[in-house]
**Q** 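Below is the structure I would like to discuss, written out as structure tokens.
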Protein chains: 2
Amino acid sequence: MKRDLRSVFGEVIRELRDARGLSQQELADYSETDRTYISDLERGLNYPSLNTVYKIAQVLEIMPHKLIEKVDKLYFSQTSVS
Amino acid sequence: MKRDLRSVFGEVIRELRDARGLSQQELADYSETDRTYISDLERGLNYPSLNTVYKIAQVLEIMPHKLIEKVDKLYFSQTSVS
DNA sequence: TTGTGACTGTAAGTCCGTC
DNA sequence: GGACGGACTTACAGTCACA
């Protein structure tokens with residue numbers, strides 16, 4: 001089955017967050033969002049809005065287009081397996 | 001004054017849409033969104049959600065991260081002029 | 001530290017128009 | 001072809017409590 005764009009995005013930010021040694025709480029605080037919302041995003045329950053993407057990217061110290069590039073690679077590399 | 005992220009995004013997709021010779025109506029149809037919403041986005045009235053970004057990018061035949069890269073360049077190159 | 005349910009508010013997104 | 005308005009529905013966004 002094809003992985004959802006949301007799931008891929010969640011996977012990417014979780015990876016980056018872990019790499020920075022940040023907790024969901026810290027990422028939420030610094031990006032002025034909510035911890036439970038970060039949790040939701042990482043579990044692929046929502047599509048973030050563009051400004052949320054930018055706020056998160058800033059805290060994760062990555063250029064937004066670089067973050068999206070990671071998402072693209074995972075998302076478009078998928079083979080359509082049932 | 002600092003240009004809004006929404007305005008920058010709108011500017012970028014309008015530029016790309018014009019370059020493809022597409023009308024707002026066509027972009028809306030192919031990306032399965034609404035014509036008035038495309039108009040709103042181009043005028044910087046909304047932040048699109050991530051999946052909207054991806055749907056639009058696909059129609060504009062550009063990788064999402066390349067689209068965001070264009071936004072980044074315009075957005076972050078801004079000097080904080082009052 | 002994170003997942004999750006319940007809840008609320010606002011913004012994204014659609015559809016109907018007119019100019 | 002595009003700006004703009006109104007009304008509407010859905011989904012994102014944010015808060016709190018609890019395991």
Side-chain angles (χ1 to χ4, degrees), chain A residues 2-62 64-65 67-68 70-72 74-75, chain B residues 2-62 64-65 67-68 70-72 74-75:
Chain A
K2 189 166 171 64
R3 210 164 11 161
D4 197 277
L5 173 58
R6 292 173 292 193
S7 305
V8 173
F9 180 81
E11 185 178 321
V12 169
I13 64 169
R14 169 164 291 173
E15 206 169 90
L16 290 169
R17 180 177 63 76
D18 286 342
R20 268 65 172 172
L22 294 171
S23 66
Q24 291 181 347
Q25 182 73 66
E26 289 170 322
L27 174 53
D29 289 344
Y30 300 149
S31 62
E32 293 179 302
T33 59
D34 193 75
R35 181 188 67 79
T36 61
Y37 184 59
I38 298 294
S39 172
D40 287 349
L41 285 181
E42 290 189 351
R43 284 177 295 132
L45 302 184
N46 282 321
Y47 289 106
S49 75
L50 191 64
N51 70 330
T52 301
V53 171
Y54 273 65
K55 288 193 290 185
I56 290 175
Q58 184 167 7
V59 176
L60 296 178
E61 297 176 304
I62 185 172
H65 78 270
L67 195 165
I68 298 301
K70 288 177 178 287
V71 176
D72 283 355
L74 278 172
Y75 187 60
Chain B
K2 190 165 170 66
R3 210 164 12 161
D4 197 277
L5 173 60
R6 291 173 293 193
S7 303
V8 173
F9 181 81
E11 186 178 321
V12 168
I13 64 168
R14 170 164 290 173
E15 206 170 90
L16 290 169
R17 180 177 63 77
D18 285 342
R20 268 67 173 170
L22 294 171
S23 65
Q24 290 181 346
Q25 181 74 65
E26 290 170 322
L27 173 52
D29 288 346
Y30 299 151
S31 61
E32 293 178 302
T33 59
D34 194 74
R35 180 183 61 79
T36 61
Y37 185 58
I38 298 294
S39 172
D40 286 349
L41 285 181
E42 290 190 350
R43 285 178 293 132
L45 302 185
N46 282 321
Y47 289 107
S49 75
L50 191 64
N51 72 329
T52 301
V53 172
Y54 272 66
K55 287 193 290 186
I56 290 175
Q58 184 166 7
V59 176
L60 296 179
E61 296 176 305
I62 185 173
H65 78 270
L67 195 165
I68 299 301
K70 288 177 178 286
V71 176
D72 283 354
L74 278 172
Y75 187 59

**Q** Starting at CG of B:N51, measure out to CZ of A:R6 and round the result to the nearest 0.5 Å.
**A** 8.0 Å

**Q** What is the first contacted nucleotide of DNA chain C and what is the last, in 5' to 3' order, if contact means an atom lying under 4.0 angstrom from a heavy atom of chain B?
**A** C:dA12 to C:dG17

**Q** Where along residues 48-55 of chain A does a heavy atom fall under 4.0 Å from DNA chain D?
**A** A:P48, A:S49, A:T52, A:K55

**Q** With sequence neighbours left out, which residue pairs that include part of residues 15-25 of chain A fulfil the salt bridge (charged side-chain N to carboxylate O under 4.0 Å, His left out) condition?
**A** A:R17-A:E42

**Q** Treating primed atoms plus P, OP1 and OP2 as sugar-phosphate and everything else as base, which nucleotides of nucleotides 2-11 of chain D get B, S or - for protein heavy atoms under 4.0 Å?
**A** BBBB------

**Q** Please round to 10 degrees the angle between the axis of the first five pairs and the axis of the last five pairs in the helix from C:dT2-D:dA19 to C:dC19-D:dG2.
**A** 40°

**Q** Which distance, rounded to the nearest 0.5 Å, do you find between the CG of B:L16 and the CG of B:L67?
**A** 5.5 Å

**Q** What does A:E26 touch in the nucleic acid at a heavy-atom separation under 4.0 angstrom: a base, only the sugar-phosphate, or nothing?
**A** nothing

**Q** What is the distance from atom OG1 of A:T33 to atom CD1 of A:I38, rounded to the nearest 0.5 Å?
**A** 3.5 Å

**Q** What's the separation between atom CG in A:L27 and atom CD in A:Q24, rounded to the nearest 0.5 Å?
**A** 8.0 Å

**Q** May I ask you to test the B:V53-A:V53 pair for a side-chain heavy-atom distance under 4.5 Å?
**A** no

**Q** Rounded to the nearest 0.5 Å, what separates atom CG in B:L60 from atom CZ in B:R14?
**A** 13.0 Å

**Q** As an exercise, state the distance from NZ of B:K55 to OG of B:S49, rounded to the nearest 0.5 Å.
**A** 7.0 Å

**Q** Under a 4.5 Å cut-off applied to non-hydrogen side-chain atoms, are A:L50 and B:I68 in contact?
**A** yes

**Q** Can you name the side chain to side chain contact (heavy atoms under 4.5 Å, CB included) partners of B:L45, sequence neighbours left out?
**A** B:D40, B:R43

**Q** Using a 6.0 Å cut-off, check whether atom CD of B:Q58 has over 12 heavy atoms from anything other than its own residue.
**A** no

**Q** Kindly indicate whether the side chain of B:F9, heavy atoms from C-beta on, has any atom under 4.5 Å from the side chain of B:N46.
**A** no

